[in-house]
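FYI, side chains are in, hydrogens and waters are out, and symmetry mates aren't considered; it's all heavy atoms of this structure. This structure is a prediction, so every number in the text was calculated from the model and none was measured.
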There are 2 protein chains.
Amino acid sequence: MAARGHDTKERILKEAQALVLKRGFSATSLDNIIQAAGVTKGAFFHHFKSKDDLARQLIERFAELDFALFEEWDRRADALSDDPYQALILFLKLFEEWLDNLRQPFAGCLFAVYVYESNLFEPEVNAYVKKSLEHWQQFYERKFAAIIAERPPKLEVSAAELAESIVAILEGAFILARSGEKPDLIARQSRLFRGYVKLLFDEDTRSRDAVA
Amino acid sequence: MAARGHDTKERILKEAQALVLKRGFSATSLDNIIQAAGVTKGAFFHHFKSKDDLARQLIERFAELDFALFEEWDRRADALSDDPYQALILFLKLFEEWLDNLRQPFAGCLFAVYVYESNLFEPEVNAYVKKSLEHWQQFYERKFAAIIAERPPKLEVSAAELAESIVAILEGAFILARSGEKPDLIARQSRLFRGYVKLLFDEDTRSRDAVA
DNA sequence: CTATATATACAAACCGGTTGGTATGTTGTC
DNA sequence: GACAACATACCAACCGGTTTGTATATATAG
């Protein structure tokens with residue numbers, strides 16, 4: 001049945017992602033994956049033509065789920081405020097709320113895993129990772145561009161730089177959170193970045209500055 | 001001869017680090033390493049009792065070289081200014097200068113590689129990575145604490161948060177720089193962080209009367 | 001409704017090659 | 001000749017991938 005097949009494939013992808021985030025891609029053997037998913041090698045190679053194929057489908061699935069979350073927060077944030085600045089702040093808050101409500105601590109970013117093992121993958125997979133990270137960045141860049149168009153920032157910064165910054169902060173935070181076993185680190189750094197954005201754009205801190 | 005032995009071991013460590021930064025730890029086989037270093041398996045196992053032992057010595061060497069650079073910049077920055085704020089700015093500039101002068105683009109951070117393959121390593125190796133990242137962070141934290149003690153920041157931020165932030169930014173920047181093949185991204189983000197610090201602490205952007 | 005044909009979704013055994021690791025040399029130096 | 005510093009030969013385990021086989025669902029023709 002088609003449904004049964006889809007379930008099996010989805011289970012393989014889910015377990016594979018968990019294992020790859022834990023141990024890296026090359027350290028995760030197909031035997032590990034099929035054991036975790038409770039299937040045989042035949043089942044695996046029915047759904048994936050190679051381990052490279054798994055890598056490709058794994059990262060595509062990750063990116064799709066990732067951007068789906070992003071777009072949901074984006075819609076909700078835009079619905080809550082017309083002001084681009086407030087919408088960005090709300091967007092980040094929704095992200096932080098999601099992080100806080102995660103049961104198991106955030107496992108990590110598959111993009112980062114792939115970047116640090118990039119020599120393992122086919123060029124098109126690396127290109128997909130690059131494209132996804134840039135897509136992520138451009139998502140933020142549009143938001144910052146809209147803000148800058150309305151209110152000039154207090155320092156000379158470009159929308160691209162700011163977008164690059166939040167993505168870098170989050171990628172780095174994933175690493176620190178994992179190593180230090182500090183699941184709250186990611187949301188904390190997101191909040192700190194919000195403070196930075198506030199300093200750059202918020203009128204309250206400008207007028208307060210004039211008084212102080 | 002001891003010198004000859006030390007050279008061989010150092011060559012193995014150097015080539016191993018380059019390979020591990022390129023492909024990850026588990027994807028780097030001992031055969032790859034001994035071929036790159038131009039030695040035999042016997043030579044390798046004379047200097048390292050196992051691949052785990054190589055992992056340990058590799059990360060310890062990385063941390064030592066890393067912190068040696070840090071301490072040099074620290075000394076030079078402290079020599080150039082007594083003001084903790086100026087010293088931090090100078091420190092970051094020295095770091096950026098080092099990045100700009102690197103011949104080959106920055107390869108990446110071995111700590112991050114180990115974090116994302118942490119299930120491969122013995123607990124003590126992971127603990128060492130954790131300790132090193134924290135040490136790195138505390139290095140910055142002391143600097144921010146000294147600044148905050150002199151001038152209150154414009155937003156309510158702790159020295160620990162700020163230290164966490166710059167480390168996260170750099171770790172994330174390494175990833176983005178690698179994926180996007182943008183070697184200048186790291187220094188750019190360091191400069192952006194300097195802008196943030198300036199907004200937080202610099203008197204130019206505030207009133208000038210507080211410090212006398 | 002049924003018989004046949006075909007595709008899907010797996011399972012189990014197996015293969016050649018590679019892995020980390022070892023056992024046993026050989027060489028150069030003090 | 002003792003010991004460090006290697007080289008060579010080799011092993012057992014494991015790797016990604018293949019092969020072969022089977023149960024089941026679906027489409028089609030009579």
Side-chain angles (χ1 to χ4, degrees), chain A residues 1-20 22-59 61 113-114 117-125, chain B residues 1-20 22-59 113-114 117-126:
Chain A
M1 207 206 294
R4 183 156 152 256
H6 183 267
D7 285 353
T8 300
K9 185 173 182 180
E10 184 62 21
R11 200 165 67 249
I12 292 174
L13 284 168
K14 232 183 138 180
E15 294 294 340
Q17 175 170 323
L19 287 170
V20 169
K22 262 187 206 158
R23 311 147 51 144
F25 188 81
S26 89
T28 303
S29 72
L30 297 187
D31 284 339
N32 294 152
I33 295 171
I34 66 176
Q35 192 187 348
V39 298
T40 61
K41 208 164 258 191
F44 176 89
F45 278 98
H46 173 72
H47 290 288
F48 307 94
K49 65 178 187 180
S50 67
K51 202 191 178 188
D52 279 334
D53 186 37
L54 170 70
R56 221 194 64 244
Q57 297 202 39
L58 208 54
I59 199 70
R61 175 176 171 274
V113 176
Y114 276 46
E117 293 189 282
S118 56
N119 275 45
L120 282 177
F121 304 110
E122 292 160 358
E124 65 174 80
V125 170
Chain B
M1 211 205 296
R4 186 159 148 253
H6 182 268
D7 283 354
T8 299
K9 184 174 182 179
E10 184 63 21
R11 200 166 64 248
I12 293 174
L13 284 168
K14 232 183 138 180
E15 295 295 337
Q17 175 170 321
L19 288 170
V20 169
K22 261 186 206 159
R23 310 144 55 142
F25 188 81
S26 89
T28 304
S29 72
L30 297 186
D31 283 342
N32 294 152
I33 294 170
I34 66 175
Q35 191 188 348
V39 297
T40 61
K41 208 166 253 192
F44 177 89
F45 278 98
H46 175 70
H47 290 287
F48 307 93
K49 64 178 189 180
S50 67
K51 202 190 180 189
D52 279 335
D53 187 37
L54 171 71
R56 222 194 63 244
Q57 296 202 40
L58 208 55
I59 199 71
V113 175
Y114 276 46
E117 293 189 279
S118 57
N119 274 43
L120 282 177
F121 304 110
E122 293 160 358
E124 65 174 80
V125 170
N126 291 324

Identify, with sequence neighbours excluded, every residue that meets salt bridge (charged side-chain N to carboxylate O under 4.0 Å, His left out) alongside A:D53. A:R56
Provide, to the nearest angstrom, the distance between the CZ atom belonging to A:R11 and the P atom belonging to C:dC10. 8 Å
Could you tell me which residues satisfy side-chain contact (heavy atoms from CB on, under 4.5 Å) with A:A36, sequence neighbours excluded, listed by chain and number? A:E15, A:L19
Strictly below 4.0 Å: does B:H47 bring a side-chain N or O up to OP1 or OP2 of D:dC6? yes
Of all residues at least two apart in sequence or in a different chain, which pass the side-chain contact (heavy atoms from CB on, under 4.5 Å) check with A:K51? A:F25, A:L30
What is the distance, to the nearest angstrom, from the NZ atom on B:K9 to the P atom on D:dA4? 14 Å
Partners passing side chain to side chain donor-acceptor pair (under 3.5 Å) against A:T40 (at least two apart in sequence or in another chain): none
Treat primed atoms plus P, OP1 and OP2 as sugar-phosphate and everything else as base, then score nucleotides 19-24 of chain C 5' to 3': B for base contact with protein heavy atoms under 4.0 Å, S for sugar-phosphate contact only, - for none. SBBB--
Would you mind reading off the distance between A:L54 atom CG and D:dG17 atom P, rounded to a whole angstrom? 10 Å
Just how far, in rounded Å, is P of C:dT18 from CZ of B:R23? 13 Å
Residues two or more places apart in sequence or in another chain: which of them pass salt bridge (charged side-chain N to carboxylate O under 4.0 Å, His left out) with A:R11? none
Whole angstrom value for the distance that separates C1' of D:dC14 from CD1 of A:I33: 15 Å
In whole angstroms, the gap separating P of C:dC10 from CD of A:E10 amounts to 13 Å
Is any side-chain nitrogen or oxygen of A:H46 closer than 4.0 Å to OP1 or OP2 of C:dC10? no
Test item: B:Y114 side-chain N/O and B:L120 main-chain N/O as donor-acceptor pair under 3.5 Å: no
